[in-house]
Amino acid sequence: MLPRLLPLLVLALNALAIPTASEKLDSRANAACTNPTVRKEWRSFTDQQKQDWIAGIKCLGSLPHDPSLFSVLPPPGQPFLNKSSTFYDDLVYLHIDVYPVIHFVGIFLPWHRWFLDLFEKNMRGKCGYTGPMGYWDWSLDADDITGSSIFDSNPVTGLGSFGPQSNGFHLTDGAFSDFILAYPKPHTLSRNFSDTPFALGRLQPTPWIVDEPNTSAKTVITPERVNKLVTGHTGDFVKFYTNLDSPEGFHTTPHLMVGGDMSDAAQSVNDPLFWLHHGQLDRMWWMWQNNHPSNKNAFGGGTIPGVLTKLTFDLFPAGMPPLAHKLTPLPNDNFGEHKRVRDLMDTEGGFLCYVYE
Ligand SMILES: *[C@@H]1O[C@H](CO)[C@@H](O)[C@H](O)[C@H]1NC(C)=O
Ligand SMILES: *[C@@H]1O[C@H](CO)[C@@H](O)[C@H](O)[C@H]1NC(C)=O
Ligand SMILES: *[C@@H]1O[C@H](CO)[C@@H](O)[C@H](O)[C@H]1NC(C)=O
Ligand SMILES: [Cu+2]
């Protein structure tokens, strides 16, 4: 039990921390955001941009492990850090390692916003990527998910389709079929679609959080439901977040319906679709923030996930006390920049500088 609770205790202590003088200076030194970059839906990338984005990911996958990534003990059931892996694997590992303290808590959205920015800065800085960052608006695909052109089999510009069962669901088409990932052990990407992703057999670690196991994915990810979410819950961040990340909701459904690597919550960064799916979730937060002045700086939730038991999850779907606040640090295993919630609230605030198309 102790290893499971240890990261939670560390987070709880961190949550009480106050910023240092150098951090205050650092955040005042943020450059003004005068020319925000524009994040685009994957299908409005040009073929050249798709090719470059894919090449950028493969470039991160060709660079060595960065020794600044610091991990003491993996969460229960998760692999140890592999120092012979790649820089892309480091991004995967960071998410694995901090997984228990960044999901079903107040910092879920700010943390993943920080993580997308970390990915972007490394794509640009280490791999010379100059194109747009992207998102996958899966609501466009609710009527025909597997027929979506997001699952394009083109070997240069396509993200690939679903792996055939005969190949253990490992991809055989698209640009990533030969992309080797290190966690939990060396493998190539897999995807195994299901329209009933909450049925027993998929969500094993916490099956009890599922209320409606027969939910059909296509009924969850509709444009109408997205619109209702981003125009509702005015001023109430906790309600907005818990609706976005409900058990059969907008966050879990695309992960679990795609299956394979995407359906292993902690290790899902293995699939490059992760960045585009989380781009969409970040865009939904951005849309909500821009929908009403009282949403812009709204934040809340707890720092300890309630998911360990059904009772605590029902009571605290956005995390248990101690409460999260704008000075709560985002756990980063000494990787990338140390930031706090307040640095991630405004996508045009200086530390960040982007909008969504
Ligand atoms: C670590 O990763 C490298 C590169 O993917 C792989 O060759 C090696 O087998 C991995 N080691 C372990 C213990 O998984
Ligand atoms: C593929 O998905 C089906 C349906 O959820 C599941 O029964 C099966 O175990 C999965 N297979 C693999 C290898 O992921
Ligand atoms: C879900 O579907 C299965 C198989 O059709 C059925 O046996 C089960 O009762 C259903 N569960 C609920 C909660 O509707
Ligand atoms: Cu995550």
Side-chain angles (χ1 to χ4, degrees), residues 95 99-113 135-139 141-142 145 194-259 262-266 268 273-274 276-289 291 295 298-321 323-324:
H95 185 265
Y99 182 83
V101 293
I102 57 167
H103 295 89
F104 299 113
V105 287
I107 64 170
F108 172 87
L109 285 166
W111 192 90
H112 287 82
R113 181 172 276 180
Y135 61 92
W136 168 27
D137 182 359
W138 26 250
S139 75
D141 301 316
I145 302 170
S194 169
D195 185 55
T196 52
F198 303 99
L200 281 180
R202 244 166 218 224
L203 194 72
Q204 280 318 305
T206 48
W208 49 262
I209 74 168
V210 171
D211 301 317
E212 305 283 350
N214 294 337
T215 302
S216 160
K218 62 175 176 286
T219 65
V220 175
I221 59 170
T222 66
E224 296 72 27
R225 293 186 76 250
V226 170
N227 187 54
K228 191 169 168 222
L229 176 79
V230 301
T231 57
H233 312 299
T234 300
D236 191 337
F237 178 86
V238 168
K239 278 222 173 73
F240 169 74
Y241 165 59
T242 54
N243 276 277
L244 179 136
D245 200 7
S246 65
E248 301 95 46
F250 299 112
H251 170 223
T252 53
T253 300
H255 274 291
L256 292 166
M257 78 184 189
V258 169
M262 269 289 268
S263 61
D264 183 312
S268 57
L273 265 183
F274 173 94
L276 301 174
H277 170 44
H278 273 272
Q280 163 78 349
L281 299 176
D282 187 57
R283 171 173 168 259
M284 287 160 71
W285 182 23
W286 176 86
M287 290 163 89
W288 182 78
Q289 287 185 302
N291 189 250
N295 295 350
F299 180 68
T303 54
I304 309 282
V307 279
L308 291 180
T309 71
K310 175 156 178 60
L311 177 68
T312 50
F313 185 64
D314 287 347
L315 287 172
F316 299 106
M320 301 189 289
L323 294 181

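Along the sequence shown, residues are numbered consecutively beginning with 1. Values reported hereafter were calculated over all heavy atoms of this structure, with side chains retained and with hydrogens, waters and symmetry mates removed.
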Exercise. Asp264: what forms a salt bridge (Lys or Arg N to Asp or Glu O under 4.0 Å) with it, not counting sequence neighbours?
Worked result: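 For Asp264, no residue satisfies salt bridge (Lys or Arg N to Asp or Glu O under 4.0 Å) once neighbours in sequence are set aside.
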Problem set entry | Residues forming a salt bridge (Lys or Arg N to Asp or Glu O under 4.0 Å) with Asp141, sequence neighbours excluded |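 So Asp141 forms a salt bridge (Lys or Arg N to Asp or Glu O under 4.0 Å) with Arg43.
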Minimum-distance pair of heavy atoms, taken over all atoms of [X] and [Y]:
| X | Y | value |
| --- | --- | --- |
| Asn214 | Thr196 | O-CG2, 4.0 Å |
| Pro247 | Val210 | CB-CA, 4.5 Å |
| Pro254 | Gly249 | CD-O, 4.2 Å |
| Ala298 | Phe237 | O-CD1, 3.4 Å |
| Ile107 | Val101 | CD1-O, 3.7 Å |
| Leu281 | Leu109 | O-CD2, 4.3 Å |

Exercise. Which residues pass the ring pair (Phe, Tyr, Trp, His ring centres under 6.0 Å) test with His103, sequence neighbours left out?
Worked result: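 With sequence neighbours excluded, His103 shows a ring pair (Phe, Tyr, Trp, His ring centres under 6.0 Å) to His95, Tyr99, Phe108, His112, given in chain and number order.
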For this session: Determine the interplanar angle of the His255 and His251 rings, folded into 0 to 90°, and report it as parallel if under 30°, tilted if 30 to 60°, perpendicular if over 60°.
Result: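 Taking His251 first and then His255, their aromatic rings stand perpendicular (interplane angle over 60°).
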For this session: Determine, stepwise, if the pair Asn295 / Thr234 fulfils side chain to side chain contact (heavy atoms under 4.5 Å, CB included).
Result: CA-CA 6 Å; Asn295 295 350; Thr234 300; 3.9 Å; yes
Problem set entry | Partner of Lys310 under side-chain contact (heavy atoms from CB on, under 4.5 Å), chosen from Asp314, Thr312, Val307 |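 Among Asp314, Thr312, Val307, the one that satisfies the side-chain contact (heavy atoms from CB on, under 4.5 Å) with Lys310 is Asp314.
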Problem set entry | All side chain to side chain contact (heavy atoms under 4.5 Å, CB included) counterparts of Phe316, not counting sequence neighbours |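 With neighbours one apart ignored, the set is Met320, Pro321.
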Problem set entry | Phe299 and Tyr241: CA distance, side-chain angles, deciding distance, side chain to side chain contact (heavy atoms under 4.5 Å, CB included) verdict | CA-CA 9 Å; Phe299 180 68; Tyr241 165 59; over 6 Å; no
Exercise. Is the backbone of Phe274 close enough, under 3.5 Å, to the side chain of Trp136 for a donor and an acceptor to pair up by distance?
Worked result: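 Pair absent, no side-chain N/O of Trp136 close to backbone of Phe274.
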For this session: May I ask you to decide if Phe250's main-chain N or O and Thr253's side chain share a donor-acceptor pair within less than 3.5 Å?
Result: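 Such a contact is absent between Thr253 side chain and Phe250 backbone.
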For this session: Check whether any side-chain heavy atom of Leu256 sits under 4.5 Å from a side-chain heavy atom of Phe198, and report yes or no.
Result: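 Result yes, sub-4.5 Å side-chain heavy-atom pair found.
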For this session: Report the residues that fulfil side chain to side chain donor-acceptor pair (under 3.5 Å) with Ser139, sequence neighbours left out, ordered by chain and then residue number.
Result: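 Testing Ser139 for side chain to side chain donor-acceptor pair (under 3.5 Å), a comparison that skips the adjacent residues, returns Asp137.
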For this session: Could I get the full list of side chain to side chain donor-acceptor pair (under 3.5 Å) partners for Trp138, not counting sequence neighbours?
Result: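 Once residues adjacent in sequence are excluded, the partners of Trp138 under the side chain to side chain donor-acceptor pair (under 3.5 Å) criterion are His277.
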For this session: Rounded to the nearest 0.5 Å, what's the gap from CZ on Arg113 to CH2 on Trp285? Could you check?
Result: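 Those atoms lie 4.0 Å apart.
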Exercise. To the nearest 0.5 Å, how far apart are CE in Met287 and CG in Asp282?
Worked result: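 One finds 12.0 Å between CE of Met287 and CG of Asp282.
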Exercise. Applying salt bridge (charged side-chain N to carboxylate O under 4.0 Å, His left out), which residue pairs with at least one partner in residues 235-253 are found, sequence neighbours left out?
Worked result: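 Residue pairs passing salt bridge (charged side-chain N to carboxylate O under 4.0 Å, His left out), neighbours aside: Asp236-Lys239.
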Exercise. Restricting to pairs with a member in residues 298-307, which pass salt bridge (charged side-chain N to carboxylate O under 4.0 Å, His left out), not counting sequence neighbours?
Worked result: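 Residue pairs passing salt bridge (charged side-chain N to carboxylate O under 4.0 Å, His left out), neighbours aside: none found.
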Show me, pair by pair, the donor-acceptor contacts under 3.5 angstrom made by side chains of residues 216-226, not counting sequence neighbours?
| from | atom 1 | to | atom 2 | distance (Å) |
| --- | --- | --- | --- | --- |
| Ser216 | OG | Asp195 | OD1 | 3.4 |
| Ser216 | OG | Asp195 | OD2 | 2.6 |
| Lys218 | NZ | Asp195 | OD2 | 3.3 |
| Thr219 | OG1 | Ser216 | O | 2.7 |
| Thr222 | OG1 | Arg225 | N | 3.2 |
| Arg225 | NH1 | Val220 | O | 2.5 |

